Every structure is written in structure tokens, then in C-alpha cells.
Amino acid sequence: PSIDYVDEQGHFHLYFETDAADATADEFKNNGLELKEEVHDTEWQTREFVIKDDQGHTLYFGQPLAAE
């Protein structure tokens with residue numbers, strides 16, 4: 001979808017799975033990247049954060065949470 005559509009409708013362009021959401025977000029921030037959404041837990045059992053790339057695409061990074 002277009003960048004405008006994603007921004008208006010709350011969608012994303014790409015989703016990357018990681019095994020360390022907090023560490024990945026910290027590394028991005030330490031390298032000067034601003035997070036669009038800070039690291040947070042979701043109701044669908046992931047720990048996620050969101051960035052925008054240099055072209056305006058919305059990228060989500062998520063870590064599956066361990067089953068309790």
C-alpha cells in the first residue's frame with residue numbers, strides 16, 4: 001500500500017521478527033534512529049516497536065512472547 005494509506009489507516013509496510021525487541025530498539029536509538037512507537041507488549045502476545053525508514057515506510061519489529 002501507499003505511504004499515505006498506511007499512515008491514515010494504521011497499517012504497516014513490513015514486519016520483521018526479532019528475538020530481542022528491546023535490544024534492537026536500543027541499538028537503533030543509539031545510532032540516532034527515532035522510534036515512531038516505543039517498545040510495547042501487544043494483546044496478541046508480541047513485544048513490538050515501530051520505525052519509519054528514510055523513505056517514509058512504516059516498519060514493525062516484533063518479538064514473540066513466551067507462553068505463560
Side-chain angles (χ1 to χ4, degrees):
S2 72
I3 291 170
D4 289 337
Y5 179 82
V6 167
D7 289 345
E8 293 169 10
Q9 302 299 321
H11 294 284
F12 58 87
H13 289 103
L14 289 172
Y15 189 97
F16 298 95
E17 188 171 310
T18 178
D19 59 358
D22 290 287
T24 303
D26 286 344
E27 183 176 346
F28 285 175
K29 290 192 287 188
N30 289 338
N31 284 299
L33 188 65
E34 184 177 332
L35 303 185
K36 181 177 175 189
E37 289 183 35
E38 291 291 330
V39 178
H40 61 280
D41 292 343
T42 68
E43 60 189 61
W44 46 90
Q45 301 302 307
T46 59
R47 187 151 177 79
E48 297 181 346
F49 67 93
V50 181
I51 67 169
K52 287 265 199 180
D53 72 8
D54 61 349
Q55 297 177 10
H57 299 101
T58 301
L59 310 177
Y60 275 66
F61 292 78
Q63 171 186 352
L65 295 175
E68 295 182 19

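The chain is numbered in sequence order, starting from 1. Just so you know, these numbers use all the heavy atoms, side chains as well, and skip hydrogens, waters and symmetry mates. This is a predicted model, so every value here is computed, not measured.
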Output the distance between atom [atom1] ([X]) and atom [atom2] ([Y]), rounded to the nearest 0.5 Å.
{"X": "Arg47", "Y": "Asp41", "atom1": "CZ", "atom2": "CG", "answer": "4.5 Å"}
{"X": "Ser2", "Y": "Gln9", "atom1": "OG", "atom2": "CD", "answer": "9.5 Å"}
{"X": "His57", "Y": "Leu14", "atom1": "NE2", "atom2": "CG", "answer": "8.0 Å"}
{"X": "Thr18", "Y": "Phe61", "atom1": "OG1", "atom2": "CZ", "answer": "8.0 Å"}

Honestly curious: do Leu59 and Ile3 fall in one hydrophobic cluster under the side-chain, below-4.5 Å linking rule?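 Unlinked, Leu59 and Ile3 end up in two clusters.
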Where Leu35 and Ala25 come nearest, the two heavy atoms and their spacing: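 Looks like CD1-CB, 4.0 Å.
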Of all the heavy-atom pairs spanning Tyr5 and His11, show the shortest one and how long it is.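 Shortest heavy-atom contact: CE2-CD2, 3.5 Å.
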Do the side chains of Ile51 and Lys36 get nearer than 4.5 Å, heavy atoms only?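 Of all side-chain heavy-atom pairs linking Ile51 with Lys36, none is under 4.5 Å.
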Please tell me if the side chains of Pro64 and Glu17 come closer than 4.5 Å, counting only heavy atoms from C-beta onward.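 Yes, close enough: below the 4.5 Å cut-off.
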Ignoring hydrogens and geometry, is there a side-chain-to-backbone donor-acceptor pair from [X] to [Y] under 3.5 Å?
{"X": "His40", "Y": "Glu48", "value": "yes"}
{"X": "Lys29", "Y": "Leu33", "value": "no"}
{"X": "His13", "Y": "Thr58", "value": "yes"}
{"X": "Thr46", "Y": "Thr42", "value": "no"}

Kindly check if the number of other-residue, nucleotide or ligand heavy atoms within 6.0 Å of [atom1] ([X]) is above 12?
{"X": "Glu34", "atom1": "CD", "result": "no"}
{"X": "Glu37", "atom1": "CD", "result": "yes"}
{"X": "Asp19", "atom1": "CG", "result": "no"}

Aromatic rings Phe49 and Phe28: how do their planes relate, parallel, tilted or perpendicular, breaks at 30° and 60°?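 Ring orientation of Phe49 relative to Phe28: perpendicular.
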